[in-house]
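Heads up, the thing below is written out as structure tokens.
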Amino acid sequence: MNDEHLHAMRHSLAHITAAAVQRLWPEAKFGVGPVVDNGFYYDIDLGDKKISEANFPKIEKEMRGIIDYGDNFERSEMAIDEAIAWAQGNNQPYKEELLNDLKRSGTTIAKDLDVGELGLATDGVSAVDSVSFYKNGNFVDLCRGPHVDNTKDVGAFKLLRVAGAYWRGKETNPQMQRLYGVAFETQQELDQYLERLEQAKLRDHRRLGKELDLYTISPLVGAGLPLFTPRGTILRDVFAQYSNQLRQKFGFEKVWTPHITKQDLYEKSGHWAKFGDELFLVTSQETDDKMALKPMNCPHHTQIYASKPRSYRDLPVRYLETTTDYRDEKTGELGGLNRVRSLTQDDSHVFCRPDQIKDEINNLLVSARELYATIDMPLRVRLSYRDDSDGYLGEADLWASAQVQLKDAVLANAIEFFEQEGEAAFYGPKIDFMATDAIGREHQVATIQLDFVQPGRFGLEYTDSEGGLGTPVMIHCALLGSIERFLSVLIEHMAGWFPFWSAPEQIRVLTINDTVGDYVEDIKRILDGVVLMSPVKYNEIRYMVDDRNESLGKKIREATNFKIPVQLIVGQQDKDNHEVSVRTQAGEEKISLDALADYLKAI
RNA sequence: GCCGCUGUAGCUCAGUUGGUAGAGCGGCGCUUUCGUAAAGCGUAGGUCUCCGGUUCGAUUCCGGACAGCGGCUCCA
């Protein structure tokens, strides 16, 4: 049992899926069928007919028939023109397109072919002469392989879902149906995987957001416009405070900007050309100004910088603003708190001289690492570069320089990273911190971006030491990213058990009966005096008293289901001994009332 | 936006092959004052997401809208 065999198994199952579909719908046109994490998929076009999950039993039955029959996977070679003729003859236009690309440039990777380069590759240089096919039973498919020897050798599998997918990932191409399956060597491993998926649902932030009373979405307000409850708002505030305090240490100053602006601002910044159709437009009944809700804050901040002359001695100028932006995202992209139309950024912008870039980026890297280390969340760091496509602004050499400087900063901090082209912002490259949600999807949280473009477009300048004029560099940074998205990842990462310092309700006092009312008042006086100073400063204790006429068991159950980190149980015994029973996830212990404040500060 | 699926009480869900619905939890009331994950009894909650169509009759069938889920595309 090894990765290679698992890969061959899953790949073979993709073929078997396609073979089964072809038996059931002979007119099916096939795209590609690769291996993915935990399984495989196959892209299929049935024209007007659609496969739904209701068809899965029928398809799986057909697949089992093919597997049980036990055909060998037979490899053969075909000359490229012969293969194209085969695709035409069998009415497989997608395969024909792939073969033509292979013939022309030796690759079928859409990304390599899409950027206006079709036909640029010289015929015969990178082109291929012949291609390989695999045949199992009556099903023949263009394929590089490898496969298992026999259809019987494919382990345990299950068709999981069907989804739409554009041919070669292009929105303007026809949409095919993607059949996803999962596969493992043994039924036991498959069952374990499905069990893990079930477990992941328990920590889904949308489920916990409701159970823990953190936020709600009202259709009357609108999709993608979450409303935060008192508990959810505490979470937002406490993390925003932490994020701010981390940067205030490095000289960042808070600013405030309005949520609307004239569109002129974005025409100048370059956002209008790139994101114009995702702006919420605002109409003035008083003037003819065309206004928009702000979708980001950097252009606003440039205008604070530009409000007065700056000397090289004034730099860096560092602005900090936690504020909500509005983006008219496509409806199908919305989901929970991950992707919303009103997103709050813990945004900041540094305006500095070129020689200050390194230190400024270092400060931000240190802040980001400290924040995510505090909540024990592992991140992958991505250096996001531009690619050759249109839509990036600025000179090529500035881009090259910016990309090198970001990489140097990351290297200097000994941070592990991976590099990806085509992920940059239109004005500059980024260092992105990627977190993973409960079911393995990756989301960008913190981001540090280097921008040589916007300062120039806005005509920002400073007087240099020689008395001449220089253009400052901008560094954009959000440590949490979108607070909404950050919370979605945090909730799933912690499974709702927020660290003591950040929990909306940190402590619940549970009474055993109504004879301890005065003693509870003593405890409240102590709790009211506790202020945590780390990791967030001036963090007052948040607690409630549950003195309802209910059983202790029920109170414990409710407090535990609510994932309250500390329960203080108070009865006559505790009162007599001048102590409380402190119940946490770690267990329960008696703490003297005199030691309670220090105990809480040390959690 | 596109493809597929889903929408019954505050929550989790059952049900109606077309004759206007039910459970548990939660809420409320009474009893109980009970030391470690649900005390007992009673009771009130529903234009079955919304709008059209078919039908004697629609929560159920059909169409549309809205919302949610899984993908694709996109993410300043």
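Quick note on labels: first sequence line is chain A, next is B, and so on, each numbered from 1. Since the structure is predicted, the reported quantities are computational estimates derived from the model, not experimental observations.
- A/Ser581 comes within 4.0 angstrom of a base, heavy atoms only.
- Closest approach to the A/Phe275 side chain among B/rA37, B/rG71, B/rC75 is made by B/rC75 (side chain taken as heavy atoms from C-beta onward).
- Cation-pi geometry between A/Arg236 and A/Phe228 is satisfied (NZ or CZ under 6.0 Å from the ring centre, within 45° of the ring normal).
- Remark: P of B/rU73 and CD of A/Glu333 are 11 Å apart, rounded to the nearest angstrom.
- For the pair A/Arg327 and A/Phe275, the cation-pi criterion (under 6.0 Å, within 45° of the ring axis) is not fulfilled.
- At least one test fails for A/Arg557 against the ring of A/Phe562: distance under 6.0 Å to the centre or angle within 45° of the axis.
- Counting only N and O atoms by type, the side chains of A/Thr560 and A/Gln567 include a donor and acceptor under 3.5 Å apart.
- Take the nearest nucleotide of RNA chain B for A/His271 and for A/Ile569: the residue whose nucleotide is more 5' is A/Ile569.
- You won't find any donor-acceptor pair under 3.5 Å spanning the side chain of A/Tyr41 and the base of B/rG71, going by distance alone.
- Here A/Gly336 lies in heavy-atom contact (under 4.0 Å) with sugar-phosphate atoms only.
- Within 6.0 Å of CG on A/Asp518 lie more than 12 heavy atoms contributed by other residues, nucleotides or ligands.
- The nucleotide whose nearest atom lies closest to any side-chain atom of A/Glu171 is, among B/rG1, B/rA37, B/rA67, B/rG1.
- The base of B/rC74 does not come close enough to the side chain of A/Arg327 for any donor and acceptor atom to sit less than 3.5 Å apart.
- Between the C1' atoms of B/rG26 and B/rG68, the separation comes to 23 Å (whole Å).
- Set against B/rG35, B/rU73, B/rC72, the side chain of A/Lys330 has B/rU73 as its closest nucleotide.
- Using a 4.0 Å heavy-atom distance criterion, A/Gln572 is classed as a base contact.
- When the side chain to side chain contact (heavy atoms under 4.5 Å, CB included) test is applied to A/Glu419, the partners found at least two apart in sequence or on another chain are A/Leu383, A/Tyr385, A/Lys407, A/Phe417.
- The nearest heavy atom of RNA chain B to A/Gly571 and to A/Arg485 marks one nucleotide each, and the one closer to the 5' end goes with A/Gly571.
- Under the 6.0 Å distance and 45° angle rule, A/Arg10 does not count as a cation-pi partner of A/Phe40.
- Comparing B/rC11 with B/rC51, their C1' atoms sit 28 Å apart, to the nearest whole Å.
- Taking every side-chain heavy atom of A/Arg583 into account, B/rA37 is the closest of B/rA67, B/rA37, B/rG70.
- At the phosphate of B/rG1, OP1 or OP2 sits under 4.0 Å from a side-chain N or O atom of A/Thr331.
- As rounded to whole Å, 17 Å separates atom P of B/rA76 from atom CZ of A/Arg457.
- As rounded to whole Å, 12 Å separates atom C1' of B/rA76 from atom CG of A/Asp277.
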- Task: Evaluate salt bridge (Lys or Arg N to Asp or Glu O under 4.0 Å) for A/Arg341 paired with A/Glu329, printing each intermediate quantity in order.
- Result: CA-CA 6 Å; A/Arg341 286 183 161 142; A/Glu329 306 281 4; over 6 Å; no
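- Taking atom C1' in both B/rU31 and B/rC48, the straight-line distance is 36 Å, to the nearest Å.
- Spacing between atom CG of A/Asp328 and atom P of B/rG1 amounts to 9 Å, rounded to whole angstrom units.
- Between the CG atom of A/Leu552 and the P atom of B/rA38 there is a distance of 10 Å, rounded to whole Å.
- A distance below 6.0 Å separates the ring centres of A/His476 and A/Tyr427.
- A/Lys290 pairs by the side chain to side chain contact (heavy atoms under 4.5 Å, CB included) definition with A/Gln263, not counting sequence neighbours.
- Put simply, A/Lys430 has a side-chain N or O that comes within less than 4.0 Å of OP1 or OP2 on B/rA76.
- Inspection of the A/Thr229 and A/Arg231 side chains reveals no N or O donor paired with an N or O acceptor under 3.5 Å.
- For the pair A/Leu568 CG and B/rU36 C1', the interatomic distance rounds to 14 Å; values are reported in whole Å.
- For A/Phe280 and A/Tyr326, the ring centers are positioned 6.0 Å apart or more.
- Test A/Thr257, A/Asp325, A/Thr323 against A/Asn297 for side-chain hydrogen bond (donor to acceptor under 3.5 Å, both in side chains) and you get one pass: A/Asp325.
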Tabulated below should be each protein N or O lying under 3.5 Å from an N or O of nucleotides 3-11 of chain B; please produce it.
{"unit_1": "B/rC3", "atom_1": "O4'", "unit_2": "A/Gln175", "atom_2": "OE1", "d": "2.8"}
{"unit_1": "B/rC3", "atom_1": "O2", "unit_2": "A/Gly164", "atom_2": "N", "d": "2.9"}

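- In this model, no donor atom of one side chain and acceptor atom of the other lie less than 3.5 Å apart for A/Tyr519 and A/Asp574.
- Within 6.0 Å of CD on A/Glu395 lie no more than 12 heavy atoms contributed by other residues, nucleotides or ligands.
- For A/Ile556, counting side-chain heavy atoms from C-beta on, the closest listed nucleotide (B/rA76, B/rA37, B/rC72) is B/rA37.
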Listed pairs, N/O of protein and of nucleotides 42-51 of chain B, under 3.5 Å:
none

Atom pairs, N/O to N/O, protein against nucleotides 25-31 of chain B, distance under 3.5 Å?
{"unit_1": "B/rG26", "atom_1": "OP1", "unit_2": "A/Lys554", "atom_2": "NZ", "d": "3.1"}

- Its dot-bracket string being built from Watson-Crick and G-U pairs below 3.5 Å, with | for another strand and [ ] for crossing, RNA chain B has the pattern (((((((..((((.....[..)))).(((((.......))))).....(((((..]....))))))))))))....
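- Set against B/rA76, B/rG35, B/rC72, the side chain of A/Arg178 has B/rC72 as its closest nucleotide.
- A/Gln567 comes within 4.0 angstrom of no nucleic acid atom, judged by non-hydrogen atoms across all strands.
- Between A/Thr447 and A/Asp432, the side chains place a donor N or O and an acceptor N or O closer than 3.5 Å (distance only, hydrogens not considered).
- Of the candidates B/rA76, B/rG1, B/rA38, B/rA38 carries the atom nearest the A/Ser551 side chain, counting heavy atoms from C-beta on.
- In this structure, CG of A/Leu225 is placed 10 Å from P of B/rA67, rounded to the nearest angstrom.
- The side chain of A/Arg206 contributes an N or O atom lying less than 4.0 Å from OP1 or OP2 of B/rC69.
- Among the protein residues, A/Lys49 comes within range of no part of the nucleic acid, since none of its heavy atoms lies under 4.0 Å from any strand.
- Nearest to the side-chain atoms of A/Met296 among the listed nucleotides B/rC72, B/rA76, B/rG68 stands B/rA76.
- Atom CZ in A/Arg207 sits about 14 Å away from atom P in B/rG70, given to the nearest Å.
- Straight-line distance between the C1' atoms of B/rA67 and B/rG29: roughly 36 Å, to the nearest whole Å.
- Side chain of A/Glu588, nearest nucleotide from B/rU36, B/rG71, B/rA67: B/rU36.
- Among the heavy atoms of the strands lying under 4.0 Å from A/Asn561 is at least one base atom, whether or not backbone atoms are also near.
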